[in-house]
Amino acid sequence: MSLAHYDSIWLGADVVTLRGGRYGIIEDGAVAVRGDQLAWVGPRSELPPSHGAVVHDFGGGIVTPGLIDCHTHLVFGGDRSREFEQRLNGVSYADIAAAGGGILSTVNATRAAGEDELLALAEARLAMLLADGVTCIEIKSGYGLTLESEIKMLRVARRIAQTHPVQVKTTLMAAHAVPPEYAGRADDYVALICEHWIPEVAALGLADAVDGFCEHLAFSPQQIARVFDAARAAGLPVKLHAEQLSSLGGSALAANYGALSADHLEYATAEDAQAMAQSGTVAVLLPGACYLLRETQLPPVALFRRHGVPMALASDSNPGTSPACSLRLMLNMGCTLFRLTPEEALAGVTLHAARALGLEAELGTLEAGKMADFVHWPVAHPAELAYWLGGQIASTVVYRGQRR
Ligand code: DI6
Ligand code: FE
């Protein structure tokens, strides 16, 4: 009888596979790893005989896929805690913006910071997300708004992947805001992004996707369409911040471009949901921003369910609207604020988050052939991951087959 060859076997826990977006619990399961991939997943009682594998017994608890934070603005200079305080002392957002605050203050601080400084700041924030079992993270540019500083942000994001046990997907988001140099000339700025920046960043291999902010205070659907055309010409997939503050049809536009995801979506309509379902565009829900802005319009979760739009959850970690440091807290907020079930929430940071990054063939579920990224949690049931309001659960993270 031939013996299977595995490098390691991890057992003694229930395996929450997330196959098909359901918990898919295998009681008393086992996970076998070869190289950096899962070679076998199933009930311990059916584990094929093998030789040479190092066996790890968790002695209880559950194993889930590594968590994926599919929407962050992790790299930025400065912080906006004093603005947060000013607002709570009655200073209006408009007054803060007029005094050079708001997103522009982050742009100034990010432009002024050196690459190493930005890296150190991002690493401190990354450490908090990693402690929550995150094994893959998306990071956007968009606080530089010059070619040089956008490239600087993306380089920092790439360096994080080289120096930390985490997979990083980078997104060029030059169309985040109109930079001060182009005030009143948004079309000229869009032309610059389309004709020069996207081709250049694509040629440098620094971006895995292109994103934009479709909103009255940012860019119109027409302007975003030009950005998407340029992304397409450069061979890059697209995503979009859409329907966050008003309904402009940005999510349907994104769907028409076959976008990986449309994100925020508080004001999305039935037409938007239908278009997204047709194109397989993931709805990325961001409860941290909703919470901080005290937004009362909630994303139409029931519509997404009805139309079969896959829903992901992410931190939107950014200094202005979601200074979030915990993806597990987002699970809780997704359930409490948006009425997702804990099962939907967990699928939203695994399978559907993988899909929002174009990584569903490699990540997001526990099954043979996918990357060996998984987390052991000393809890009895996966609902507990969404239950606690933050705090830490002493998890064990395995990244690419190695204990992290
Ligand atoms: N939507 C948001 O909520 C953030 N960006 C975006 O496109 C706000 C970013 C900031 O205020 O710094
Ligand atoms: Fe965002």
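We count ligands from 1, going down the list as the structure has it; atoms in each ligand are counted the same way.
The closest protein non-hydrogen atom to atom 1 (N) of ligand 1 is Gln244 OE1, 3.0 Å. Thr321 OG1, 2.8 Å is the protein heavy atom nearest to atom 3 (O) of ligand 1.
Between NE2 of His73 and NE2 of His241, the angle at the Fe ion (ligand 2) works out to 100°, rounded to 10 degrees.
Residue-environment remark: CZ (Arg185) exceeds the threshold of 12 foreign heavy atoms within 6.0 Å. Sparse packing is recorded around CD of Gln402, with 12 or fewer heavy atoms of other residues, nucleotides or ligands lying under 6.0 Å away.
Contact annotation: for Glu215 versus ligand 1, there are no heavy atoms closer than 4.0 Å.
With hydrogens and angles ignored, the 3.5 Å screen pairs no side-chain donor or acceptor of Asp132 with any backbone N or O of Val134. Using a distance-only test at 3.5 Å, with no hydrogens or angles considered, a donor-acceptor pair links the side chain of Thr341 to the main chain of Glu344. Between the side chain of His376 and the main chain of Gly60, a donor-acceptor pair closer than 3.5 Å is present. Looking only at distances, a side-chain donor or acceptor of Glu343 sits under 3.5 Å from a matching main-chain atom of Tyr23. Put simply, the side chain of His164 never gets that close to the backbone of Val166: no donor and acceptor are under 3.5 Å apart.
Between the side chains of Thr171 and Lys239, no donor N or O sits under 3.5 Å from an acceptor N or O.
Listed by number with element, the atoms of ligand 1 under 4.0 angstrom from any heavy atom of Tyr143 are 9 (C), 10 (C), 12 (O). For ligand 1 and Gly320, the ligand atoms under 4.0 Å from any heavy atom of the residue are 10 (C), 11 (O), 12 (O).
Close N/O approach between His73 and ligand 1 is not found [any backbone or side-chain N/O within under 3.5 Å].
Counting heavy atoms only, His241 comes closest to atom 7 (O) of ligand 1 of the residues His241, His71, Arg80. Nearest to atom 6 (C) of ligand 1 by heavy-atom distance, out of Lys140, Glu295, Glu83, His176, is His176.
Residue His264: no N/O/S atom is found under 2.8 Å from the Fe ion (ligand 2). Taking 2.8 Å as the criterion, Asp211 does not count as a coordinating residue of the Fe ion (ligand 2), since none of its N, O or S atoms falls below it.
In Asp316, the N, O or S atom that comes nearest to the Fe ion (ligand 2) is OD1.
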